[in-house]
**Student:** 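Pasting in a structure now, in structure tokens, and then I'll have a few things to ask.
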Amino acid sequence: GAGVSQSPRYKVAKRGQDVALRCDPISGHVSLFWYQQALGQGPEFLTYFQNEAQLDKSGLPSDRFFAERPEGSVSTLKIQRTQQEDSAVYLCASSSISSGGRNEQFFGPGTRLTVL
Amino acid sequence: AQSVTQLGSHVSVSEGALVLLRCNYSSSVPPYLFWYVQYPNQGLQLLLKYTSAATLVKGINGFEAEFKKSETSFHLTKPSAHMSDAAEYFCAVSDPSGGGADGLTFGKGTHLIIQP
């Protein structure tokens, strides 16, 4: 079946613009995660959804970052008034059950955001 | 708080030689541990995971890792390197007591170079 998909794959924004990044998880996956991967670094956790509920947003770097998953499937990560330090690859991952941390997270290909 | 240290940002081995990628973790509770591989412009793919069963874990593509609690380590090995193993490798941990907010904590990654 289809894996996790993300769109767009590449996004160039001028500083101050708003952007929206989309994630389509694997069908039926309860858990959805967003990560930020800066150049040459490992992914860093941003936020976590269980179905439509955002249970953890402790990794969001500022109030310019906002994520939603209104129907418990597709998720959108929105960044308002983008800054150059927001340039990174944004990864989305989903997994099949809601607790324990032991289940494999399936990652999408990421969206590479460049802020000029 | 959890953390992951991967020793060596770059590791170079000859084709056919042993691959050893090092990972040490810090966690207040026995964690779940993962190794992911990332090929250029692709998402992360799970190689293997430790979830408190057998301490020697076998994964895909001939990789394996051993959980050593006394050394807080989870090093990744492969007996014979292949050119197709060239990629970025990430070690990650999650907290089993996370209760659902199971975002992974990643190391900074090790770039594996295979010399012909």
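The structure displayed is predicted, hence computed values, not measured ones. Proteins come first, then strands; the chains are lettered A, B, ... in the order of their sequence lines, and each starts at number 1.
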**Student:** What about A:Val30 and A:Phe49, same hydrophobic cluster or not, with Ile/Leu/Val/Met/Phe/Trp/Tyr joined at side-chain heavy-atom distances under 4.5 Å?
**Tutor:** no
**Student:** Give me each pair satisfying salt bridge (Lys or Arg N to Asp or Glu O under 4.0 Å) with a member in residues 81-96 of chain A, each pair once, sequence neighbours excluded.
**Tutor:**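 Non-adjacent pairs meeting salt bridge (Lys or Arg N to Asp or Glu O under 4.0 Å): A:Arg64-A:Asp86.
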**Student:** Rounded to the nearest 0.5 Å, how far does CG of B:Leu44 lie from CD of A:Glu104?
**Tutor:**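 Answer for the CD-CG pair, A:Glu104 versus B:Leu44, is 11.0 Å.
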**Student:** Taking side chain as everything from C-beta outward and backbone as N, CA, C, O, which of these in B:Tyr36 sits under 4.5 Å from a heavy atom of chain A? Side chain, backbone, both or neither.
**Tutor:** side chain
**Student:** Do any of residues 19-28 of chain A come closer than 4.5 Å to chain B, heavy atom to heavy atom, and if so which ones, in number order?
**Tutor:**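 Listed by number, there are no contacting residues, so the answer is none.
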**Student:** Supply the atom-to-atom distance B:Phe90 CZ to A:Gln37 CD, rounded to the nearest 0.5 angstrom.
**Tutor:**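 The CZ atom of B:Phe90 sits 4.5 Å away from the CD atom of A:Gln37.
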**Student:** If you apply the rule side-chain contact (heavy atoms from CB on, under 4.5 Å), what do you find for B:Leu104 with A:Tyr35, and how did you get there?
**Tutor:** CA-CA 9 Å; B:Leu104 297 171; A:Tyr35 294 85; 3.5 Å; yes
**Student:** Does the side chain of B:Gln42 come within less than 4.5 Å of A:Phe107's, by heavy atoms?
**Tutor:**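 Not in contact.
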**Student:** Around atom CD1 of B:Ile60, are there more than 12 heavy atoms from other residues, nucleotides or ligands closer than 6.0 Å?
**Tutor:** yes
**Student:** Indicate, with yes or no, if B:Phe67 and B:Phe34 share a hydrophobic cluster defined by side-chain heavy-atom contacts under 4.5 Å among Ile, Leu, Val, Met, Phe, Trp and Tyr.
**Tutor:**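 B:Phe34 and B:Phe67: separate clusters.
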**Student:** Find the one option among A:Pro43, A:Pro109, A:Gly110 whose heavy-atom pairs under 4.5 Å with chain B are most numerous.
**Tutor:**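 Most pairs with chain B among the choices: A:Pro43.
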**Student:** Check the hydrophobic clustering (I, L, V, M, F, W, Y; side-chain heavy atoms under 4.5 Å; chains of links allowed) and say if B:Leu46 and A:Leu91 are grouped together.
**Tutor:** yes
**Student:** Spell out, yes or no, whether A:Val115 and A:Leu46 are grouped together once hydrophobic residues are joined by side-chain heavy atoms under 4.5 Å, including indirect joins.
**Tutor:**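 Both belong to a single hydrophobic cluster.
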**Student:** Below 4.5 Å from any heavy atom of chain A, which atoms of B:Gln6 appear? Answer side chain, backbone, both or neither.
**Tutor:**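 The answer is neither part of B:Gln6.
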**Student:** Does CZ belonging to A:Arg9 count more than 12 external heavy atoms closer than 6.0 Å?
**Tutor:**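 Result for CZ/A:Arg9: enclosed.
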**Student:** Check the surroundings of atom CD in A:Glu44: do more than 12 heavy atoms from other residues, nucleotides or ligands lie under 6.0 Å from it?
**Tutor:** no
**Student:** Under 4.5 Å between side-chain heavy atoms, counting indirect links through other Ile/Leu/Val/Met/Phe/Trp/Tyr residues: same cluster for B:Val93 and B:Tyr89 or not?
**Tutor:**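 Same cluster: B:Val93 reaches B:Tyr89 through Ile, Leu, Val, Met, Phe, Trp or Tyr contacts under 4.5 Å.
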